[in-house]
Student: 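Take this structure first; my questions come after.
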Amino acid sequence: MSELRWHPLLGEWVATAAQRQDRTFFPPEDYCPLCPTKPGQVPTEVPAETYDIVVFENKFPSLQRDPPQPEVASTALAPVAPSQGACEVVLYTPDHHATLAELPVRRIEHLVRVLRDRTRDLSAREDVVHVYPFENKGAAIGVTLSHPHGQIYAYPFVPPVIAREIAQARAHRASTGRCLFCDVRDAERADGRRMLAEEGGWVAYLPFFARYPYETHLAATRCVRTLLELDEGEVRGLARILKRVLRGFDALFGVSFPYVMALHQAPKTDDPYHLHVEFYPPMRSADRLKYLAGSEAGAGMFINDTLAEEKAAELRTKIEARPALER
Amino acid sequence: MTARPSPDGAETPEPGMVKEGIILPDGRYLIYYSFPEDEA
């Protein structure tokens, strides 16, 4: 059973994908479905002995190219729609034990190019309105496969978070004539206390309004809407600033730092938008996690038990203490 | 540059990228991306 069910109280779609209950859950390394297929070994998702970067359709998708017709009927109150769209898996490397933070900058550059290519291809589909690359990293986030990988969801509508950002950006433009995202980025640069790094057309900071202790945003210096508008210098800059921030994360507590990485780009509409990346790390200390509890889950108001200024200083120190990246 | 159509039909103009798509036995597409200039 797989369909989109309308949530009439919140005015948004919920994907029902019951087949995902049976998806692979932390298999032993020898049975990792994301490693290359080795001679004489169990076939994996990738029928090759090695690869650089691979993208494939998720075996357990929430959204798909040719979805089945819903098995439940729509009502006036709760419409139902086919789960149209795409769910892709992006394998960063054949190395089962690597992480994005540990990959060479050059490979991260190539990964950005692959995400740009997928944005181009998926956006060309008539059923796709928004392309969203992301990575869930670490068991604390709920990851079920440890092999380094990201995902791409292609939605047949503008998803709620992006729609809210667009509504705010539209209102800001109407009242000031300026880009909201540029104004936030410039305010962070002018203040300086929450700044983390600048690199090749990109700025990294903990926003003034951070909801998670180490919530980090990367914003393009130029006002670009999607990955498709980045020039080669900005592709390199994004790879470099990603690596610097991720190494800083890992140095915070001496562990491979869990996070959700969300790449936010404009949908296929004319709405005001600005390409940026947001990280939502769940750790608030070396041995404590930030849970989305009563206020966050039930009322939508986040409570951050820390000061962004202090957490930014802590993370900035770690980023600056790391050896310089290769040019 | 080598660019082949992806299994979902769009072209790929990324410089330096080789893109080769296949269809898996269950009908899903899989795309190999490689960057031969780095190996030169």
Side-chain angles (χ1 to χ4, degrees), chain A residues 33-34 36-37 43-61 64-66 85-94 104-128 131 152 154 227-228 230-232 235, chain B:
Chain A
L34 307 185
T37 295
T44 73
E45 289 277 31
V46 188
E49 291 186 31
T50 191
Y51 56 78
D52 282 345
I53 295 175
V54 163
V55 173
F56 61 87
E57 283 184 292
N58 197 319
K59 196 171 189 173
F60 303 97
Q64 47 196 314
R65 266 183 304 161
D66 300 308
C87 290
E88 296 184 341
V89 178
V90 184
L91 306 183
Y92 300 162
T93 167
V105 171
R106 185 70 173 157
R107 181 172 285 267
I108 302 175
E109 280 179 35
H110 290 332
L111 175 62
V112 173
R113 293 189 182 97
V114 167
L115 297 180
R116 183 161 67 178
D117 183 70
R118 299 316 305 145
T119 297
R120 183 182 296 111
D121 280 6
L122 291 165
S123 297
R125 281 176 36 175
E126 286 187 4
D127 61 318
V128 170
V131 179
I152 301 171
L227 288 171
L228 303 179
L230 293 183
D231 62 30
E232 280 302 294
V235 168
Chain B
M1 181 183 88
T2 303
R4 301 185 189 187
S6 71
D8 51 7
E11 296 291 332
T12 300
E14 290 288 331
M17 171 190 282
V18 174
K19 177 181 178 184
E20 185 173 8
I22 63 170
I23 301 299
L24 297 170
D26 61 7
R28 291 177 294 139
Y29 59 77
L30 180 147
I31 306 167
Y32 294 103
Y33 288 94
S34 57
F35 301 86
E37 288 175 8
D38 281 3
E39 295 164 12

Student: B:Tyr33 and side-chain contact (heavy atoms from CB on, under 4.5 Å): which partner among A:Leu111, A:Val54, A:Val55, A:Leu91?
Tutor: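 Single side-chain contact (heavy atoms from CB on, under 4.5 Å) partner of B:Tyr33 among A:Leu111, A:Val54, A:Val55, A:Leu91: A:Val55.
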
Student: Check B:Ile31 against A:Arg118 and note the closest heavy-atom contact, atom names and distance.
Tutor: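 Smallest interatomic distance, heavy atoms only, reads CD1-NH1, 3.4 Å.
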
Student: Identify the heavy atoms of A:Val114 and B:Phe35 that sit nearest to each other, and give their distance.
Tutor: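 Answer, listing the atom of A:Val114 first, then B:Phe35: CG2-CZ, 3.9 Å.
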
Student: Sort A:Val89 into side chain, backbone, both or neither according to what part of it lies under 4.5 angstrom from a heavy atom of chain B.
Tutor: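 No part of it gets close to chain B.
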
Student: Could you walk me through whether A:Asp121 and B:Lys19 pass the side-chain contact (heavy atoms from CB on, under 4.5 Å) test, one step at a time?
Tutor: CA-CA 12 Å; A:Asp121 280 6; B:Lys19 177 181 178 184; 2.4 Å; yes

Student: Output all residues satisfying salt bridge (charged side-chain N to carboxylate O under 4.0 Å, His left out) with A:Glu109, sequence neighbours left out; order by chain, then residue number.
Tutor: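 In terms of salt bridge (charged side-chain N to carboxylate O under 4.0 Å, His left out), with neighbours along the sequence ignored, A:Glu109 is linked to A:Arg106, A:Arg113.
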
Student: Test of understanding: with salt bridge (charged side-chain N to carboxylate O under 4.0 Å, His left out), list the residues that count as partners of B:Asp26, not counting sequence neighbours.
Tutor: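 Partners of B:Asp26 under the salt bridge (charged side-chain N to carboxylate O under 4.0 Å, His left out) test: B:Arg28.
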
Student: Report the C-alpha distance between B:Met17 and A:His110 in whole Å, list the side-chain angles of each, state the deciding distance to 0.1 Å, and finish with yes or no for side-chain contact (heavy atoms from CB on, under 4.5 Å).
Tutor: CA-CA 8 Å; B:Met17 171 190 282; A:His110 290 332; over 6 Å; no

Student: Working to the nearest 0.5 Å, report the span between CG of B:Leu30 and OH of A:Tyr51.
Tutor: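 These two atoms lie 9.5 Å from each other.
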
Student: Measure the shortest side-chain to side-chain distance between A:Pro47 and B:Ile22 over non-hydrogen atoms and say whether it is less than 4.5 angstrom.
Tutor: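 When only atoms from C-beta onward are counted, B:Ile22 and A:Pro47 do touch, with a gap below 4.5 Å.
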
Student: Could you look at A:Glu45 and say if it's the side chain, the backbone, both or neither that has a heavy atom under 4.5 Å from chain B?
Tutor: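 A:Glu45 touches chain B through backbone and side-chain heavy atoms alike.
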
